[in-house]
Amino acid sequence: MAKPRVIYWFRTDLRLHDSPALKAALELNPEAFWPVWTWDPHYVYRARVGTNRWQFLIDCQNDLSKSITKLNKKSKLFLIREAPQTLFPKLFKAWKITHLVFEKDTDAYARDRDAAIMEAAKEAGVEVIVRSGRTLWDSDELVKKNHGKPTMSMSQVQAAGPKVGPIPRPIPAPKSIPNPGQTSLDFGQDQPEMSPDFNSTSRKHDDKSYDKISGPKEDFAVPTLEELGFPAATTSHRGGETVALKALDEIIANEKYTATFEKPNTAPTAFSPQSTTLLSPHLHFGSLSIREFYWRVQDIVDNFSGKSSQPPVSLTGQLLFRDMYFGAQAALGYSFGQTMHNSHCRFIPWHLPSKVDHKTKLVTGEYHIDSPQADEWFQRWKNGMTGFPWIDALMRQLRQEGWIHHLGRHAVACFLTRGGCYISWERGAEVFEELLLDHETACNAGNWQWLSCTAFFAQFYRCYSPIAFPQKWDKEGEFVRKYVPELAKLDKKYIYEPWKAPITDQKKAGVSVKGDGKVKEKGVYPKPMFDFSERRTICLDGMKNAYHVGLYGDHEKVIDGTWRTLFDDAAEGPTEGKNFKDAMSGNGKKIRDGEDADGDDDDGAVAEDESGAAERGGENKGGDKGKAGTKRKAGQGTLDGHVKRAKK
DNA sequence: CGTGTAGTTGCTATC
DNA sequence: TGATAGCAACTACAC
């Protein structure tokens, strides 16, 4: 039998420490061993990646390559610029490969890609070894132990996780790495399909990263921002396993911080230093292992003499949330990243909904402009020109640094969706996808659904104010002064609502509050794009109504557009019956048929009259086939105030 | 089954 | 200055 000739395929595990897959690969005792990264056009063109995240990826790849070379000066990270689906079959032959090893990836695209690669390997007689290593628990196993259902709450994760098994202790980095075999590529390069390019507007010039299969110097080097056509990064946050482990060391060294960390008590306005760990981008690229993070923290907590914090607010609790979102995505696949066809995402008639290809059931990347005003609000939100300093400061920090505090993400997400603009969470998720260094498909989609109250969370009446909320953390407005320098000299009385500043105060501060924020002008800060409390009331009404209608993304009425007949034409959102060709005959009277919300007619899809519907507290979720939801009369609700009153 | 309680991180007025 | 009640009223889970 031939001695193992192994490709180790790096993807979301850009590290040497605690890699179960890398360990399995080295245990084959290979005769030849190639650490490979395939430069996948899907990531280059069909994912939204801003310049700061490109820089972070490049940092990680360069650092890993250096670390490999330290272990074996003949080796490095071999970057090959071609889609893995076409590359590997050629590579298997050219390098006489016997084994392909990689870490499991449960992202929807990654599953399709890896299935194709495994099929190709089978045909080529190459053995494939896959190990879980990206999460605390294997996400598919977590789902299995959660009765085969997506993990939609923390308690489900805390129940199912231990059933999968104890969280593994981290594996040390390897002490040696075998020589690579030959690296000649005696085959042609399949050129990628460059269109559509989701990143075209960010590029200075066309992407050149595919000009030669092994790079411009034919040395398998990591591509540069210049090759990609991107401008220089603006963030100071840097990637790589070396800086990740050093940052972890520094956090762990502060035992009190580590053991008593409570997320809701960390200030979203802190910037020098920030109040949280900044380790999430490293978890995304795998430059830090989540189990390394978990156990280093847990060991401190176990030996801490004082009172330590507990999940969900503790540091380890944050990691559990990540596994929850991965479990939800592992079960729901592509649909988890969108509303349409998503059985667990509520349907709300947001403005600017995604365009969907109903053949593939996937969003196309474009959206409907049902309201020019909503689109204008969206552009202003995106560019940090809403006229609300707290929102604008956060959005500018996001663009510049690629990171904002979790509570800041709450603030801008609530503002864009249920607490201001009433715009689809998918628009916001796309902006985060482009700009966040730590963008993780599962966590991003999950958090946007959480904040928009379409899944995971439902208390939509808890709404963040762009004025009161930051006031609680930063009375002086230091955060706004840093990221919105126009307002740097404004009196703290007006820092979160500068439109209220008298002209004399504006003059003193050297700023003029005027205009619609469409263009940036020196010494000018825009007026707020709407009256917040007015919008808050409109959004709350809209949410209440949409919850009563009770549709989910996989409901046939959502898919075929007849959901419009269930909403008032006067309601917020693209609900105008006249735009819908098949609007039910007769008047536009609201029909609240919560009974029909699951698409089954097992309990008789009878439309309720107004009084009957008014008593209904919304129907149970759509995916809960065959089960009528628990009905509870409105007056019977378990009311916070009621309970407290009763106690008195 | 129904009922009571809890849920990572709201806001405002009042003491 | 910090704790508490009231606001209007969600779902999930435990018992």
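Below, read A as the first sequence line, B as the second, and so on, with proteins coming before strands; counting in each chain starts at 1.
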Flag the pair R134(A) and D107(A) as a salt bridge only when some basic side-chain nitrogen lies within less than 4.0 angstrom of an acidic carboxylate oxygen.
yes

Presence of salt bridge, D438(A) and R409(A), under 4.0 angstrom
yes

Of the candidate nucleotides [options], which contains the atom at the shortest distance from the side chain of [X]?
X       : options                  : answer
A468(A) : dT8(B), dT11(C), dT12(B) : dT12(B)
S155(A) : dT11(C), dT8(B), dC13(C) : dC13(C)
K544(A) : dT8(B), dA9(C), dC10(C)  : dA9(C)
Y461(A) : dG10(B), dT8(B), dC10(C) : dC10(C)
H406(A) : dG10(B), dT8(B), dC10(C) : dT8(B)
Y464(A) : dT11(C), dT8(B), dT9(B)  : dT9(B)

How would you label the contact of Q156(A) with the nucleic acid (heavy atoms, under 4.0 Å): base, sugar-phosphate, or nothing?
sugar-phosphate

Regarding F321(A), tell me which of base, sugar-phosphate or nothing describes its non-hydrogen contacts under 4.0 Å with the strands shown.
base

Can you tell me how far [atom2] of [N] sits from [atom1] of [X], to the nearest Å?
X       : N       : atom1 : atom2 : value
R346(A) : dT11(C) : CZ    : P     : 5 Å
Q459(A) : dT9(B)  : CD    : C1'   : 12 Å
H405(A) : dT9(B)  : NE2   : C1'   : 9 Å
M152(A) : dC13(C) : CE    : C1'   : 15 Å
N265(A) : dT8(B)  : CG    : C1'   : 10 Å
W450(A) : dT11(C) : CH2   : P     : 15 Å
F415(A) : dC11(B) : CZ    : P     : 14 Å
M543(A) : dC7(C)  : CE    : C1'   : 18 Å

Mind checking the [atom1] distance from [N] to [M]? Whole angstroms is fine.
N       : M       : atom1 : answer
dT8(B)  : dA8(C)  : P     : 25 Å
dT4(C)  : dA6(B)  : P     : 16 Å
dT11(C) : dC11(B) : P     : 22 Å
dA5(C)  : dT5(B)  : P     : 15 Å

Can you list the steps and then say if F457(A) with L451(A) is a side-chain contact (heavy atoms from CB on, under 4.5 Å)?
CA-CA 7 Å; F457(A) 185 71; L451(A) 262 299; over 6 Å; no

Between H555(A) and F347(A), does the ring centre distance come in under 6.0 Å?
no

For dA6(B), which nucleotide in any strand shown is its Watson-Crick or wobble partner with both distances under 3.5 Å?
dT11(C)

What is the pairing partner of dC11(B), taking Watson-Crick or G-U wobble pairs with both distances under 3.5 Å in any strand?
dG6(C)

Between dC13(C) and S153(A), is there an OP1 or OP2 to side-chain N/O distance shorter than 4.0 Å?
yes

Side-chain N or O of Q310(A) versus OP1/OP2 of dT8(B): is the shortest distance under 4.0 Å?
no

For a salt bridge (Lys or Arg N to Asp or Glu O under 4.0 Å) check, start with the C-alpha distance between K382(A) and E430(A), then their side-chain angles and the critical distance, and finish with the verdict.
CA-CA 10 Å; K382(A) 208 171 149 176; E430(A) 283 167 3; over 6 Å; no

ring centroid sep under 5.5 Å plus plane angle under 30, F460(A) with dC10(C):
no

With a 6.0 Å cut-off (strictly less than), is the heavy-atom count around NZ of K263(A), excluding the residue itself, greater than 12?
yes

